[in-house]
Visitor: 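Let me give you the structure first, and then I'll get to my questions.
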Amino acid sequence: MKPRLRPFLLALLMVVALSFALPARALIEARVDCNGMKEGEPPPTANPVSGMVAVKPTSVSTNDAAGASVRVETVEAFKGKAIVVDDRSGGEEGKYGWVNLGGIAKKDAVHTGKVYLHFDWVSLARTTGNIGFVSVRNASGATILSLMFDHTTTGLVILCGDQKTSLKSVLGLGMPVSVKIMLDLDGLRYEVSLNESKMAEGALAPENDNSFLGVSFSTATSGVSRFAVKNLIISPNPIQR
């Protein structure tokens, strides 16, 4: 199923967009741990500082009245706190919420080297549509790699340019999964691993601006769903967990 995305800010329930101020094109690490966050409220925010590890989102916006919320909650499947996205808006225009981490200016993007991403994900509920997307964005704000947690609740679809890789029966409602993404901006390749096992690899579309600006987590535009993420990491080095 090919996702149809609305215009930015109306299209997506942006859960966590990870992108950072990058002086001299050096990637600032991010390690967002939810354990110290207050339950029942949106994640606390702070601007990233050069030379330091980012530990909080830069900004949070939600539209609770419209049926979309982002909260820190205790998630049984994780046995601890996580950022929970609950979207009951049904995809109607103007009903959205999002969280941003770090800078989102084009000048902040990294154009060379390798970028390693990690997050823990659990799908909690789905009434209609796909559960959500994880989209890696470049300096132009375009998506160069997308992970779609699909409507079957057990499948994951990896979208890269015109290429689509479908992984079946690798997920389940209430089943946590550790996700790692490696981007090689010099070799123009990517790898996706689930629970330490490499599940897919391929070439980044050569016609794209293959830089790294950030990664966002969003619900599907036509869906009603709920999911949680935690242990959000961006690093220039391989991530061991």
Side-chain angles (χ1 to χ4, degrees), residues 1-19 32 34 37-45 56-78 80-101 104 117 119-137 141 143 145-159 171-177 179 214-232:
M1 177 179 295
K2 186 176 181 178
R4 296 180 61 187
L5 302 181
R6 291 182 189 166
F8 183 66
L9 297 188
L10 294 180
L12 303 178
L13 177 61
M14 300 297 290
V15 184
V16 181
L18 299 171
S19 53
V32 179
C34 300
M37 298 180 181
K38 189 172 182 179
E39 192 167 355
E41 297 183 359
T45 62
K56 297 179 181 179
T58 301
S59 64
V60 177
S61 295
T62 58
N63 193 340
D64 295 355
S69 67
V70 180
R71 294 282 186 273
V72 175
E73 298 181 15
T74 295
V75 177
E76 182 177 354
F78 282 146
K81 294 179 182 178
I83 298 173
V84 176
V85 181
D86 192 358
D87 182 8
R88 304 180 186 185
S89 66
E92 296 181 35
E93 286 194 7
K95 299 184 177 182
Y96 52 83
W98 67 91
V99 178
N100 289 317
L101 276 171
I104 55 174
L117 313 173
F119 58 91
D120 292 323
W121 169 290
V122 62
S123 300
L124 299 174
R126 181 196 68 83
T127 303
T128 60
N130 293 307
I131 293 175
F133 293 86
V134 179
S135 301
V136 179
R137 296 178 294 114
T143 297
L145 180 70
S146 182
L147 276 58
M148 180 175 73
F149 292 78
D150 75 15
H151 63 286
T152 68
T153 74
T154 64
L156 177 67
V157 178
I158 300 167
L159 302 162
L171 305 166
L173 287 176
M175 296 174 55
V177 60
V179 181
V215 56
S216 64
F217 299 71
S218 61
T219 57
T221 58
S222 60
V224 175
S225 62
R226 176 179 167 90
F227 65 81
V229 292
K230 65 177 298 185
N231 294 328
L232 309 170

Visitor: Any side-chain heavy atom of Met37 within less than 4.5 Å of one from Pro44?
Guide: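 Yes, at least one pair of side-chain atoms sits under 4.5 Å.
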Visitor: So, Ser123 side chain and Thr153 main chain: donor-acceptor pair closer than 3.5 Å or not?
Guide: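 Absent.
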Visitor: Are Phe217 and Phe119 near enough that their ring centres are under 6.0 Å apart?
Guide: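 Ring centres of Phe119 and Phe217 closer than 6.0 Å.
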Visitor: Do side-chain atoms of Ser225 reach the backbone of Ile131 as a donor and acceptor pair under 3.5 angstrom?
Guide: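 Between the backbone of Ile131 and the side chain of Ser225 there is a qualifying donor-acceptor contact (under 3.5 Å).
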Visitor: Tell me whether Asp120 is salt-bridged to Lys230, with the criterion being a basic N under 4.0 Å from an acidic carboxylate O.
Guide: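 No.
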Visitor: Would you find a donor on one side and an acceptor on the other, under 3.5 Å apart, between the side chain of Arg71 and the backbone of Glu39?
Guide: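 Side chain of Arg71 to backbone of Glu39, a donor-acceptor pair under 3.5 Å: no, none is there.
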Visitor: Shortest non-hydrogen contact from Lys56 to Val32?
Guide: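 Heavy-atom minimum between the residues: N-CG2, 4.4 Å.
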Visitor: For Arg226, run the side chain to side chain contact (heavy atoms under 4.5 Å, CB included) check against Thr127, Val84, Val85 and tell me which one passes.
Guide: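 Only one option passes, and that is Val84.
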Visitor: Judged by atom type as modelled, is there a donor-acceptor pair below 3.5 Å linking the side chain of Thr143 to the main-chain atoms of Leu145?
Guide: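 It does not hold such a pair.
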Visitor: Less than 4.5 Å apart, any side-chain heavy atom of Val70 and any of Pro43?
Guide: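 SC-SC contact between Val70 and Pro43 confirmed.
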Visitor: For the NZ atom of Lys38 and the SG atom of Cys34, what is their distance to the nearest 0.5 Å?
Guide: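 Answer rounded to 0.5 Å: 16.0 Å.
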Visitor: Could you go through the side-chain contact (heavy atoms from CB on, under 4.5 Å) check for Leu147 and Phe133 one step at a time?
Guide: CA-CA 6 Å; Leu147 276 58; Phe133 293 86; over 6 Å; no
Visitor: Would you say Leu173 and Leu124 make side-chain contact, with heavy atoms under 4.5 Å?
Guide: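 No; the side chains remain at least 4.5 Å from each other.
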Visitor: Using every non-hydrogen atom in the two residues, find where Val75 and Ala82 come nearest and quote the distance to one decimal.
Guide: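 Closest heavy-atom pair between Val75 and Ala82: CG2-CB, 3.9 Å.
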Visitor: Start with the C-alpha gap between Leu171 and Val177, add the side-chain angles, then the distance that decides, and say whether side-chain contact (heavy atoms from CB on, under 4.5 Å) holds.
Guide: CA-CA 7 Å; Leu171 305 166; Val177 60; 3.7 Å; yes
Visitor: If you measure from CH2 on Trp121 to CG on Asn231, what distance do you get to the nearest 0.5 Å?
Guide: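 Answer rounded to 0.5 Å: 15.0 Å.
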Visitor: Of all heavy-atom pairs between Ala77 and Gly174, which one has the smallest distance, and what is that distance?
Guide: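 For Ala77 and Gly174, the tightest heavy-atom pair comes out as CB-O, 3.6 Å.
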Visitor: Distance from Thr154 atom OG1 to Met175 atom CE, nearest 0.5 Å?
Guide: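 Thr154 OG1 to Met175 CE: 9.5 Å, rounded to 0.5 Å.
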Visitor: Please step through side-chain contact (heavy atoms from CB on, under 4.5 Å) for the pair Val134 and Ser216, ending with a clear verdict.
Guide: CA-CA 6 Å; Val134 179; Ser216 64; over 6 Å; no
Visitor: Keeping the roles fixed (side chain from Asn130, backbone from Gly132), state whether a donor-acceptor pair exists under 3.5 Å.
Guide: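 Looks like no, no N/O pair under 3.5 Å.
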